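Every chain is numbered from 1, with letters handed out A, B, ... down the list of sequences. Bear in mind the structure is a predicted one, so any value in this text is a computation, not a measurement.
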Amino acid sequence: MFYDFKKIEEKWQKKWQKDKTFRAQIAPAQKKYYLLEMFPYPSGKIHMGHVRNYTIGDVAARFKMLEGYNVLHPMGFDAFGQPAENAAIKNKTKPDAWTHKCIREMEDELKKMGFAYDWEREVSTCDNSYYRWNQWIFLKMFERGLAYKKASNVNWCPGCQTTLANEEVIEGGCWRCSAKVEQKDLEQWYLKITEYRERLLEDLQQLEDWPERVLSMQANWIGKSQGVEIYFKLKGQDKVVPVFTTRADTIFGATYIVLAPEHPLVKELIKGKAQENEALKFIDKVAKESKVVRASSDVKKEGVFTGSLAVNPVNNEEVPVWIADYVLMEYGTGAIMAVPTHDQRDFLFAKEHKLPMRIVIQRTEDRGQKTEDLTEAYEGDGIQVNSGEFNDLPNSEAKIRIAEWMETKGIGKIQTHWRLRDWLISRQRYWGTPIPIIYCPKCGVVPVPYQNLPVELPKDAPFTGEGGSPLGKVKKFVQVKCPKCKALARRETDTMATFFDSSWYFLRFCSPKFKDGPFGEKEAAYWMPVDQYIGGIEHAILHLLYARFFTKFFKDLGLIDFNEPFKRLLTQGMVLKDGEVMSKSKGNIVDPDTMIKKYGADTLRLFILFAAPPETELEWDDRGLEGAHKFLNRVWRIQDNLKDKADPALLRILHKTIKKVSEDFREFKFNTAIASLMELTNAVYQLGADKEVFSKLIIMLSPITPHFSEELWKILGNKDSVLKAGWPEYDSKILIEENITIVLQVNGKVRSKIEVAANIAESKLKEMVLADKKLSPWIQGKPVKNFILVPNKLVNIVV
RNA sequence: GCGGAAGUGGCGGAAUGGCAUACGCGCUAGUCUCAGAAGCUAGUGGGGAAACCCUUGAGGGUUCAACUCCCUCCUUCCGCACCA
């Protein structure tokens with residue numbers, strides 16, 4: 001007999017919707033649990049990555065419901081972004097219409113999976129009821145000096161006359177017209193996330209339940225480093241070039257310095273020199289080079305000599321000043337001291353351009369080694385050589401002593417540097433939140449008054465992907481009266497990066513219809529922080545960092561009383577097919593909808609959890625899906641053969657299973673939880689189950705296969721949803737076994753096994769072991785050197 | 001280059017110092033059937049007739065005992081803003 005998954009799944013989905021089973025309401029007496037999965041971009045179709053992410057979340061949510069928590073489990077759409085613009089151009093429609101159509105389709109697909117969402121809380125970031133609060137937040141930041149304007153480089157396509165995202169630059173060319181991409185300076189809006197860097201780093205320590213790798217990625221991204229700023233005087237001028245280094249111990253080996261081509265001193269340095277023309281050409285070339293090309297590691301490091309010399313302040317040695325593309329203006333001081341012997345990049349550059357080098361750190365065993373002997377830079381620890389009064393010190397000590405010495409001599413300054421830069425949020429795009437700023441010829445930059453929000457995104461902007469910002473072409477939008485002096489003014493036409501939208505949506509879900517602010521303080525106080533957040537590892541840095549930044553900002557505004565938005569984080573692995581990520585270009589996509597039609601959502605949910613642990617990659621396998629389906633049919637058939645009373649042996653297995661599944665669910669080990677449910681099912685086939693054992697099996701399965709379990713639960717005569725059944729508890733008395741199998745090893749190799757009473761005395765056991773027949777060939781005539789006993793498990797005899 | 005993760009049967013995976021390969025897929029045989037499908041039962045790491053021996057990317061170490069801990073190396077995957 002087969003179960004009719006199609007009928008069953010439709011029936012229960014309708015019932016859940018009608019009964020509002022998953023509606024979440026504040027209940028102060030009850031323990032709350034906020035479970036959130038990263039909301040999707042509405043592309044129209046869900047893919048296996050979504051199925052995996054949301055199934056993991058759904059099982060956790062339903063498990064918590066069974067455990068008696070008041071669960072908030074919302075869903076929404078991250079609906080602004082470029083794909084809508086591209087799709088609209090391609091399909092001759094509008095981003096608005098296209099996005100809303102996609103949202104409807106995706107809602108349908110998500111509902112077909114049976115996910116336990118409170119759909120009444122759904123939000124879409126492209127609705128003005130949502131993005132008006134983006135604008136509100138922006139204005140609050142602007143008031144506090146956290147949003148500011150600054151000139152910055154963008155990728156510019158001269159063919160399309162538009163800016164390009166990094167991912168739209170393919171091998172230095174525009175993805176649409178292949179024209180060579182240039183760099184252009186534009187005034188852009190930034191958020192001062194760097195003001196929060198200390199807290200963003202510090203508070204990582206509170207996140208005990210985050211994966212170690214995400215924490216270290218965030219810490220590295222923020223990149224706090226202690227180092228020294230060293231002042232190199234320019235020869236024949238009274239100008240000074242500061243360079244930053246974390247390796248003050250190598251200063252005596254600095255044989256040249258390198259400036260970024262954009263460095264403000266460069267033009268002056270090359271003026272009138274023989275190298276001037278060559279240098280100007282190089283600067284021009286680098287300036288046009290897209291950041292993507294410049295940043296790719298396989299490109300050869302290029303550079304030119306400026307013709308100027310500088311003085312190494314520790315030994316007054318004259319060193320050449322170069323410019324090179326691998327030094328970036330954005331980091332540190334935009335200038336570095338080069339130590340070819342102890343930095344591999346400097347080493348390669350020095351070899352290429354025949355620059356001098358000097359060893360200053362050496363391991364004792366390498367004493368006497370010459371620079372000519374080096375085939376690569378030595379970046380490890382050692383003893384100082386060629387370093388004046390610091391010779392013979394270990395470099396770790398010298399690093400500190402040299403830094404302090406330079407500070408007292410006034411040739412350097414100990415400094416903390418950060419890797420984190422401010423966040424550029426301006427986009428010259430249409431489908432995003434308009435930045436609520438007005439430019440008045442008299443008053444300058446004027447924020448839109450709060451009562452005038454939202455600044456609505458015009459529905460009818462013409463855009464073709466060419467010719468600059470689409471909003472700039474909508475006169476009705478651009479032309480505006482200055483809120484201060486009523487003179488004719490101009491609106492900002494940039495929109496916000498979509499990461500802005502997703503940096504606070506978890507707060508909106510607490511009170512999605514709130515009208516007096518981005519979220520209700522009372523609701524946020526009850527539901528937040530998110531107890532469990534689930535999403536892809538690709539968001540390990542940016543999204544999570546921005547969400548943490550916004551949370552701290554809200555705390556500073558006094559709207560919330562906590563520092564971190566996400567208590568626990570799970571990053572799920574990708575879904576692969578034939579060892580590769582599923583993608584359209586590879587043509588290896590497996591469509592969830594097809595699988596639902598063929599086997600049902602419950603089977604799909606079961607398989608995707610069973611095939612691999614949540615955090616590792618998952619290899620898709622059609623046959624595995626069939627196996628999962630087979631298992632459900634096997635459980636379904638149990639109902640026909642229920643006994644009046646279960647075997648005591650089965651009861652023991654049942655309680656063992658309850659213990660194991662409870663532990664595994666708490667730790668998100670769904671694959672092994674399912675394995676033990678399968679073992680229980682196998683035992684039922686051997687020993688026969690009664691109604692009680694079967695009921696508990698169904699309850700334990702219900703978070704994974706909700707429709708299937710609800711149906712069986714009803715067939716067993718229950719009136720309420722299986723969600724009301726309560727999570728089963730195990731009886732530790734039943735778990736105690738009378739007899740235990742002890743493994744007998746000789747010299748670490750298994751030679752025999754014996755069955756003994758659980759509470760056997762050690763001396764008695766030893767006697768039995770030494771008398772074991774299978775063991776005798778191995779121990780006979782040999783003195784027992786050691787007798788190791790692991791209680792209830794194993795004995796190892798060393799002879 | 002920087003940072004992170006992982007390597008176990010034919011395949012997905014289990015075991016975090018104590019019986020390597022749980023559970024599932026696949027495969028083999030049996031049973032049921034006119035036949036097939038489904039189901040059920042049994043078997044299934046490699047070598048060997050057997051006793052036994054070998055086996056967790058490679059090599060070394062610690063330990064009574066290592067997939068698990070330490071060292072060296074190899075391979076694969078992921079993220080990134082060449083971060084000095």
Side-chain angles (χ1 to χ4, degrees), chain A residues 1-2 166 211-221 223 225 227 243-247 250 258 291-292 294-299 301 324-328 330-333 335-339 342-346 348 417-421 536-542 571 573-574 576 579-581 606-607 610-613 615-628 630-631 633-634 637 669 671-679 681-682 685-686 741-753 777 785-799:
Chain A
M1 188 165 72
F2 299 98
N166 279 348
E212 206 49 56
R213 61 171 162 163
V214 176
L215 291 175
S216 75
M217 278 161 103
Q218 291 242 333
N220 286 324
W221 192 257
S225 63
V243 305
F244 178 73
T245 181
T246 54
R247 291 293 306 271
T250 65
V258 189
K291 271 173 275 183
V292 183
R294 205 171 148 188
S296 67
S297 53
D298 35 302
V299 173
K301 320 295 187 211
D325 56 358
Y326 74 97
V327 175
L328 301 179
E330 288 90 340
Y331 189 79
T333 60
I336 62 160
M337 65 175 203
V339 186
H342 304 294
D343 182 293
Q344 186 61 15
R345 271 169 309 163
D346 296 342
L348 292 174
H417 265 251
W418 300 80
R419 202 176 167 273
L420 184 70
R421 302 206 293 254
I537 185 74
E538 67 271 22
H539 294 298
I541 297 174
L542 295 179
T571 50
M574 284 184 300
L576 309 180
E580 287 180 308
V581 181
L606 177 68
F607 168 71
F610 180 55
E615 295 189 88
T616 63
E617 290 173 342
L618 185 151
E619 177 66 30
W620 182 264
D621 179 11
D622 283 348
R623 286 184 305 210
L625 198 67
E626 265 173 66
K630 207 160 101 179
F631 169 69
N633 276 317
R634 205 166 143 83
R637 281 191 299 269
K669 290 173 167 178
N671 56 330
T672 49
I674 293 166
S676 42
L677 290 170
M678 285 173 168
E679 283 181 80
T681 304
N682 290 342
Y685 269 75
Q686 299 283 338
T741 306
I742 302 277
V743 174
L744 306 186
Q745 296 184 332
V746 178
N747 290 342
K749 296 212 174 209
V750 180
R751 296 300 179 189
S752 182
K753 284 170 197 184
K785 271 199 236 161
N786 207 347
F787 186 93
I788 288 143
L789 173 75
V790 183
N792 299 337
K793 257 187 192 160
L794 168 144
V795 165
N796 189 15
I797 302 169
V798 188
V799 294

Sugar-phosphate, base or nothing in reach of G627(A), heavy atoms under 4.0 Å: sugar-phosphate
Could you tell me the separation between the CD atom of Q745(A) and the NZ atom of K753(A), rounded to the nearest 0.5 Å? 10.5 Å
I'd like the C1' distance from U56(B) over to A66(B), given in whole Å. 11 Å
Given the C1' atoms of G57(B) and G9(B), what is the spacing between them in whole Å? 15 Å
Closest listed nucleotide, where the reference is the side chain of R419(A) and the choices are G24(B), C80(B), C78(B): C80(B)
Beyond-backbone contact of E615(A) with T571(A), side-chain heavy atoms, under 4.5 angstrom: yes
Which nucleotide sits closest to the side chain of R421(A): G39(B), C83(B), G79(B)? C83(B)
Among G12(B), A81(B), A42(B), which nucleotide sits nearest the side chain of Q686(A)? A42(B)
Which whole number of Å gives the distance between the P atom of A42(B) and that of C23(B)? 12 Å
Could you tell me how far G45(B) sits from U41(B) if I compare only their C1' atoms? Round to whole Å. 23 Å
Can you check side-chain hydrogen bond (donor to acceptor under 3.5 Å, both in side chains) on N682(A) and R634(A), steps first, answer last? CA-CA 9 Å; N682(A) 290 342; R634(A) 205 166 143 83; 2.9 Å; yes
If we only count heavy atoms from C-beta on, is the V339(A) to T245(A) side-chain gap below 4.5 Å? no
Any R637(A) side-chain N or O less than 4.0 Å from OP1/OP2 of C40(B): yes
Between A611(A) and N220(A), just flag the one whose closest nucleotide in RNA chain B comes earlier from the 5' side. N220(A)
For F631(A), which contact category applies under a 4.0 Å heavy-atom criterion: base, sugar-phosphate, or nothing? nothing
Does U68(B) pair with anything, Watson-Crick or G-U wobble, both distances under 3.5 Å, and if so, with which nucleotide? none
C27(B) to C78(B) separation - C1' atoms, rounded to the nearest Å: 35 Å
Given A81(B), C40(B), C23(B), identify the nucleotide with an atom nearest to the side chain of A675(A). C23(B)
Indicate whether OP1 or OP2 belonging to C52(B) is found under 4.0 Å from a side-chain N or O atom of R751(A). no
Find which nucleotide of RNA chain B each of E626(A) and S676(A) is nearest to by heavy atoms, and output the residue with the more 5' nucleotide. S676(A)
Which part of the nucleic acid, if any, lies within contact of D346(A), taking any heavy atom under 4.0 Å across all strands shown: a base, the sugar-phosphate backbone alone, or nothing? nothing
What is the base-pairing partner of G17(B), counting Watson-Crick and G-U wobble geometry with both distances under 3.5 Å? none
Given G24(B), G79(B), A22(B), the nucleotide with the shortest approach to the side chain of E679(A): A22(B)
What does G3(B) pair with, Watson-Crick or G-U, if both distances are under 3.5 Å? C78(B)
Where does G47(B) land, syn or anti, given syn is within 90° of 0? anti
Look at the side-chain N and O atoms of K749(A) and state whether any lies under 4.0 Å from the OP1 or OP2 oxygen of C53(B). no
Nucleotide N/O to protein N/O under 3.5 Å, stretch nucleotides 14-19 of chain B:
| unit_1 | atom_1 | unit_2 | atom_2 | d |
| --- | --- | --- | --- | --- |
| A14(B) | OP1 | N671(A) | ND2 | 2.8 |
| C19(B) | O2 | K753(A) | NZ | 2.4 |

Considering only side-chain heavy atoms of D621(A), which listed nucleotide, C64(B), C25(B), C23(B), is closest? C25(B)
P atoms of U68(B) and U62(B), separation to the nearest Å: 15 Å
Of all the nucleotides listed (C77(B), G26(B), C40(B)), which has the minimum atom distance to the side chain of R623(A)? G26(B)
Opposite nucleotide pairing with U62(B), Watson-Crick or G-U, both atom distances under 3.5 Å: none
In Watson-Crick or G-U wobble terms, with both distances under 3.5 Å, the base opposite C52(B) is G47(B)
Flag side-chain contact, heavy atom, 4.5 Å: N786(A) against I788(A): yes
Expressed as a whole number of Å, how far does the C1' atom of G47(B) sit from that of C32(B)? 37 Å
Are W620(A) and F607(A) close enough that some pair of their side-chain heavy atoms sits under 4.5 Å apart? yes
Considering only heavy side-chain atoms of S216(A), the closest of C25(B), G4(B), C40(B) is G4(B)
Please report the distance separating the C1' of G24(B) from the corresponding atom of U44(B), rounded so that it comes out in whole Å. 14 Å
Who does C34(B) pair with, Watson-Crick or G-U, both distances under 3.5 Å? none
Watson-Crick or G-U wobble mate for C11(B), both contacts under 3.5 Å: G24(B)
In the structure shown, which nucleotide is the Watson-Crick or G-U wobble counterpart of U41(B), with both distances under 3.5 Å? A29(B)
